[in-house]
Participant: 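Structure below; questions to follow.
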Amino acid sequence: MMFWRSVVGKLWFTILLLVSFLLFILTVMLLEFFENYHIRETERDLTNTAFNIAHFLEDQELDIGLEISWELLDEVTGAMVMKNKNEYYYSPNSASIAELPIKSMVEDEQLSKVFTNRDTVKKIVTAPNPEYSEDARTLIIGVPIKQKEGETGAVFIFQSLQVMQETTRSTTKFIILAAGVAIILTTIFAFFLSTRITAPLRKMREAAFEAARGKFDTKVPILTNDEIGELATAFNQMGRQLKFNMNALSQEKEQLSSILSSMADGVLTFNRDGTILITNPPAERFLQNWHYDQGEMSSKTEAIPSEIMELFQLSVNTEKEQIGEISVQGRFWVIIVTPLYNNKFIRGAVVVLRDMTEERQLDKLRKDFIANVSHELRTPISMMQGYSEAIVDDIAESEDEKKEMAKVIYDESLRMGRLVNELLDLARMEAGHIQLTIEEIEINSYLQRIIRKFQGLAKEKGIHLTETLETKETYYYFDPDRIEQVLTNLIDNAIRHTPDGGAVTIMTKSDAKGLLVSVSDSGSGIPEEDLPFVFERFYKADKARTRGRSGTGLGLAIAKNIIDSHKGHISVQSKLEHGTTFSFFLPRNNE
């Protein structure tokens with residue numbers, strides 16, 4: 001069944017059907033032609049024979065004429081000579097051919113014209129034939145004879161058409177045999193021709209299937225220079241062009257995918273019906289956080305924040321860009337929805353999710369910085385202004401009171417200078433202008449020297465200050481002045497926030513990666529909500545105290561910048577009423 005549905009089968013069957021039809025028409029025409037030809041030749045031969053017999057009978061004696069006439073007849077041809085209705089002679093082989101009674105000759109309307117009109121007549125009659133089981137059709141031809149007595153005789157020659165039919169059958173068999181041989185040869189030739197023509201087409205079909213599977217470098221062999229060869233050339237060119245276009249599309253797709261993946265902003269592409277088509281990792285993280293915020297444990301749901309869908313519908317309906325905001329897991333996102341066009345029609349929209357949390361925090365830090373600086377400077381300026389006015393107005397009566405006021409003014413000026421210097425140092429560090437002087441330091445003696453500076457302060461408050469040194473190596477490389485600034489700030493904060501009778505412990509550990517230093521106290525601890533902000537500028541654990549040893553709130557920010565400059569990191573761990581631990585790590589290779 002597949003063969004008849006193939007091009008080979010259809011082409012082969014078409015050629016075979018066409019040739020068979022032509023051969024059938026030709027066979028029918030040839031058979032008709034030969035049959036008519038045999039009849040005409042038989043009639044002509046019989047008529048000539050009849051005229052010859054009549055001529056001999058007219059010129060010779062009857063007996064001699066009859067003898068000569070019978071010699072002119074063949075085995076399948078009979079004759080009857082009639083001098084009159086009562087005298088007639090049959091050829092010797094007439095009995096084996098047909099029995100034609102004299103009555104049928106004389107009384108037949110058409111045959112009797114040979115006597116009456118002296119015309120040559122012919123007729124086909126059905127007569128019994130001893131050689132055939134059924135009556136055979138016989139051709140009778142009559143020719144008049146001129147006799148001396150003035151009477152008109154006739155010569156009737158007859159022959160069975162069965163002989164002509166046998167000749168026709170032989171011719172038919174030959175024609176049918178030739179037609180059969182022609183059909184067989186045509187079948188072989190048509191199959192060979194169709195196979196040869198369709199072989200390149202089959203190769204092109206296989207190449208097309210290979211191209212459909214993505215193998216665009218498949219080539220079709222060019223076997224001929226005709227239209228099929230040109231088709232193979234065009235197919236190969238098409239394959240090369242498809243490969244080039246697919247490579248270009250793949251590169252553009254990879255480029256677009258890389259761009260989307262490397263973008264810091266989240267990108268969502270929607271179809272017109274609101275179905276998500278494309279997302280990038282930031283957008284997926286945003287959706288996961290939103291699902292978690294909504295209490296949905298699985299992030300595979302197709303749910304989208306209502307704020308985004310409202311902006312999407314508004315953008316599609318108005319064909320304009322829409323901007324909105326949303327807050328998820330404590331982070332602020334700006335939503336920008338832009339319609340996508342397909343020629344003149346909107347086919348969807350692209351949503352850009354921009355995380356503005358850091359910008360909001362920076363803006364808040366800027367405002368807090370101005371407020372904190374103003375707050376820190378307002379108190380010493382007010383005190384300096386008040387005490388200076390008291391001195392100018394001679395409110396202080398004694399020299400001791402004037403010296404006490406002057407000392408307060410001096411202390412506040414030092415505090416203002418320290419605040420300004422720390423702000424300048426912090427600004428330089430954040431701008432990357434900090435200069436480190438890396439030296440080889442013997443760690444144990446270095447730490448003990450720093451700890452001794454705080455022994456007196458610790459004894460005054462009754463705080464037990466201890467150190468635990470667990471270093472495998474003796475020497476490390478870092479900037480001693482900057483690290484001393486960090487330790488001084490951490491130890492001072494620990495003593496300041498530890499109640500009387502408490503303890504402060506300095507611990508050091510080292511491994512193959514570097515040096516870990518931690519400062520722990522048994523103070524009140526830091527609230528959990530304040531832990532993410534302890535390294536910001538002007539942070540104070542005790543917000544009620546603004547003077548004295550409460551500091552400026554810049555020490556930890558400066559410490560973090562110093563540790564970052566050493567390519568290390570600093571962290572804090574704290575629980576209320578369980579104390580606080582500040583730890584910083586210095587890598588072994590910090591150059």
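The figures that follow rest on heavy atoms only: side chains count, while hydrogens, waters and symmetry mates do not. Predicted, not measured: the structure shown is a model, and the values here were computed from it.
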Participant: Holding to salt bridge (charged side-chain N to carboxylate O under 4.0 Å, His left out), I want the full list of residues that pass it with R354, two or more places apart in sequence or in another chain.
Facilitator: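 Result, salt bridge (charged side-chain N to carboxylate O under 4.0 Å, His left out) vs R354: D265.
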
Participant: Verify whether one side chain among S445 and E442 offers a donor that lies under 3.5 Å from an acceptor in the other.
Facilitator: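 Distance-only check passes for S445 and E442.
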
Participant: Which pair of heavy atoms, one from N493 and one from R496, lies closest together, and at what distance?
Facilitator: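 Taking N493 first and R496 second, the nearest heavy atoms are OD1-NH2, 2.6 Å.
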
Participant: Ignoring hydrogens and geometry, is there a side-chain-to-backbone donor-acceptor pair from S522 to G579 under 3.5 Å?
Facilitator: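 Here the side-chain-to-backbone pair does not exist.
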
Participant: Verify the ring-centre separation between Y446 and Y475: is it less than 6.0 angstrom?
Facilitator: no

Participant: For S518, give me all partners under side chain to side chain donor-acceptor pair (under 3.5 Å), at least two apart in sequence or on another chain.
Facilitator: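 Here no residue qualifies.
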
Participant: For T357 and F332, indicate whether the former's side chain and the latter's backbone hold a donor-acceptor pair under 3.5 Å.
Facilitator: yes

Participant: Once salt bridge (charged side-chain N to carboxylate O under 4.0 Å, His left out) is applied, do any residues pair with R331, and if so which ones, sequence neighbours excluded?
Facilitator: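 By the salt bridge (charged side-chain N to carboxylate O under 4.0 Å, His left out) rule, R331 matches D355.
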
Participant: For I175, what residues pass the side-chain contact (heavy atoms from CB on, under 4.5 Å) criterion, not counting sequence neighbours?
Facilitator: T27, L30, L31, F34, T171

Participant: Please list, chain by chain and in numerical order, all residues satisfying salt bridge (charged side-chain N to carboxylate O under 4.0 Å, His left out) with R449, sequence neighbours excluded.
Facilitator: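 R449 satisfies salt bridge (charged side-chain N to carboxylate O under 4.0 Å, His left out) with E484 only.
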
Participant: Considering only heavy atoms from C-beta outward, does the side chain of V504 approach that of T466 to under 4.5 Å?
Facilitator: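 No, too far: nothing below the 4.5 Å cut-off.
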
Participant: Can you tell me if F21 has over 12 outside heavy atoms packed within less than 6.0 Å of its CZ?
Facilitator: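 No, not enclosed.
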
Participant: Looking at every non-hydrogen atom in both residues, tell me the closest pair between K560 and F535 and how far apart they are.
Facilitator: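 So the minimum-distance heavy-atom pair works out to CD-CB, 3.7 Å.
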
Participant: Which atom pairs, donor and acceptor, lie under 3.5 Å between side-chain atoms of residues 306-315 and protein residues at least two apart or in another chain?
Facilitator:
{"residue": "S315", "atom": "OG", "partner": "K320", "partner atom": "O", "Å": "3.0"}

Participant: If you count the non-hydrogen atoms of other residues, nucleotides and ligands that lie under 6.0 Å from CD in E321, is the total more than 12?
Facilitator: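 More than 12 within 6.0 Å, yes.
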
Participant: For E467, I'd like to know if atom CD has over 12 heavy atoms of other residues, nucleotides or ligands within 6.0 Å.
Facilitator: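 Yes - once you tally the heavy atoms of other residues, nucleotides and ligands closer than 6.0 Å, there are more than 12.
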
Participant: Quick check on side chain to side chain contact (heavy atoms under 4.5 Å, CB included): which of M238, Q237, K243 does R240 satisfy it with?
Facilitator: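 With R240 as partner, side chain to side chain contact (heavy atoms under 4.5 Å, CB included) holds for just one option, Q237.
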
Participant: Please find the pair of heavy atoms, one from R588 and one from Y476, that lie closest to each other, and give the distance.
Facilitator: NH1-CE2, 4.2 Å

